[in-house]
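Structure first, then comments.
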Amino acid sequence: MSKPVKLSNASDYEAFLDKYDTFLIDCDGVIWLENIVIPNLREVLSLLRKKGKNLLFVSNNSEKSRKGFKKKFEKLNIEIYDGEIFGSAYASAYYLKNIVKFPSDKKVYVVGNVGITEELESEGIRFAGAAEDVKFDSTDWTFANIKQDPEVGAVLCGFDININYLKYAKAYTYLHSNPECLFLLTNDDPTFPAGGSIFPAGGTIAAPLITALGRNPDVVLGKPNKPMLDCIVQKLSLNPERTCMIGDRLSTDILFGINGNLGTLLVLTGVAEEKDILAENARIIPDYYISSLGDIAILNT
Ligand code: PLP
Ligand code: CA
């Protein structure tokens, strides 16, 4: 397997940037770490804009809608324009509307939070669940207690900090009692880094449903899965050869780029370390890697 090319000086950076017109940029670990902007990132983004590059910020975090991400960019004083954000909650709503062509007389049952419901709303997709389902009454195991909505035609599961048994019971019964009911996940990340540690992510929320149903979801959005890229390609008319995915995680970002025949740049400011790609048994190898995307800011001087 070929070795990744390390970008380490101004001429490396120039040659790399010349190869691509569009950059798909992961957020957490590349642009910011939680609430701290990676040094020189603002300068790099403005350099890319000055060079006429198209930017799309692609995040698996289903907690935020495009509106929620925009607020975060603004709070961190990072320039952002309409149409530049593609989170897994938006990808799910886009997929349901434009690829599944989800019928307007049906609803999506949501295991997740406001990031997902805001995006479904913005795409005109009706929904149930999310914050409305709070507590299961364990003295009553009849279907009446579960209060099934006959209009539900899909279950969409994402990160849900308020996950509870009632949501699982409802999602399971929708899927189990109706073989036509679609089962979608916003993303299947096992973990995400936060507060200097690692926590269970969106993929873990769906695991009990998969166990109970004895089957996998019909569609998983989120990197590294193809449906997310299908949505992006359809919306932006991308030329994969002139597009590069920039990310900090091999199993999501870099694999996403490889699966879509995009260029790939790994940054070492997040999850992956240099040894992960240089090891003899390394499986997922980017085209390029760099200590930090912020290093490219030297081209400004
Ligand atoms: N899922 C959750 C719940 C998260 O909070 C995060 C990062 O903060 C992610 C996934 C990964 O997001 P990204 O694709 O921007 O690294
Ligand atoms: Ca990341």
Side-chain angles (χ1 to χ4, degrees), residues 23-38 41 45 55-66 68-73 75-76 78 80 84-92 110-119 130 156-163 184-207 220-225 227-229 231-232 244-257 259-260 262 264-273 276-277 284 286 289-294:
F23 293 95
L24 307 185
I25 308 177
D26 171 45
C27 295
D28 198 57
V30 177
I31 302 187
W32 58 62
L33 280 169
E34 291 179 69
N35 289 311
I36 298 170
V37 182
I38 303 276
L41 232 294
L45 296 179
L55 308 183
L56 188 70
F57 298 96
V58 182
S59 174
N60 273 7
N61 185 354
S62 71
E63 279 201 291
K64 286 187 171 47
S65 61
R66 287 164 298 168
F69 275 113
K70 188 159 186 270
K71 261 196 207 149
K72 175 151 185 177
F73 275 81
K75 195 175 95 189
L76 295 177
I78 304 172
I80 188 79
E84 285 188 335
I85 299 169
F86 219 98
S88 66
Y90 175 54
S92 305
V110 177
V111 178
N113 65 14
V114 68
I116 299 173
T117 55
E118 279 179 1
E119 292 294 15
L156 173 59
C157 183
F159 186 72
D160 190 338
I161 210 142
N162 298 309
I163 187 65
L184 304 99
L185 307 193
T186 57
N187 62 310
D188 58 2
D189 299 40
T191 57
F192 69 100
S197 188
I198 294 177
F199 288 90
T204 65
I205 303 292
V220 183
L221 281 297
K223 302 162 288 186
N225 303 295
M228 178 98 148
L229 191 63
C231 295
I232 294 174
C244 182
M245 176 72 214
I246 303 176
D248 69 311
R249 199 163 182 155
L250 295 166
S251 60
T252 53
D253 307 315
I254 301 306
L255 190 56
F256 181 69
N259 287 344
L262 314 176
T264 50
L265 171 68
L266 178 77
V267 300
L268 302 178
T269 42
V271 172
E273 298 174 39
D276 300 332
I277 51 171
I284 303 169
Y289 72 107
I290 189 167
S291 300
S292 164
L293 191 58

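Indexing begins at 1, ligand by ligand and atom by atom, following the structure's order.
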D253 backbone acceptor or donor facing D26 side chain under 3.5 Å: no
Below 3.5 angstrom, do we get any N/O pair linking S62 and ligand 1? no
What protein N/O/S atoms lie closer than 3.0 Å to the Ca ion (ligand 2)? D26 OD2, D28 O, D248 OD1
Can you name the atoms of ligand 1, numbered from 1 with element, that are less than 4.0 Å from a heavy atom of F159? 3 (C)
Relative to the heavy atoms of S59, which atoms of ligand 1 are at a distance of less than 4.0 Å? 12 (O), 13 (P), 14 (O), 15 (O)
Of all the non-hydrogen atoms in the protein, which one sits nearest to atom 11 (C) of ligand 1, and at what distance? D189 OD2, 4.0 Å
To which protein heavy atom is atom 2 (C) of ligand 1 closest, and what is the distance rounded to 0.1 Å? N61 OD1, 3.6 Å
Check this for me: does any side-chain nitrogen of one of K223 and D189 sit under 4.0 Å from a carboxylate oxygen of the other? no
Among V220, I205, L156, find the one that has a side-chain contact (heavy atoms from CB on, under 4.5 Å) with L185. V220
With a heavy-atom distance limit of 4.0 Å, tell me whether T252 approaches ligand 1 through its side chain, its backbone, both, or neither. neither
Taking 4.0 Å as the limit for heavy-atom contacts, which would you say applies to K223 with ligand 1: side chain only, backbone only, both, or neither? side chain
Can you list everything that forms a side chain to side chain contact (heavy atoms under 4.5 Å, CB included) with L41? Sequence neighbours excluded, please. I31, V37, I38, L45, L293
Which of these, N187, D248, D26, has its nearest heavy atom closest to atom 13 (P) of ligand 1? D26
Would you please classify the geometry between the F192 ring and the F199 ring as parallel, tilted or perpendicular, with 30° and 60° separating the classes? tilted
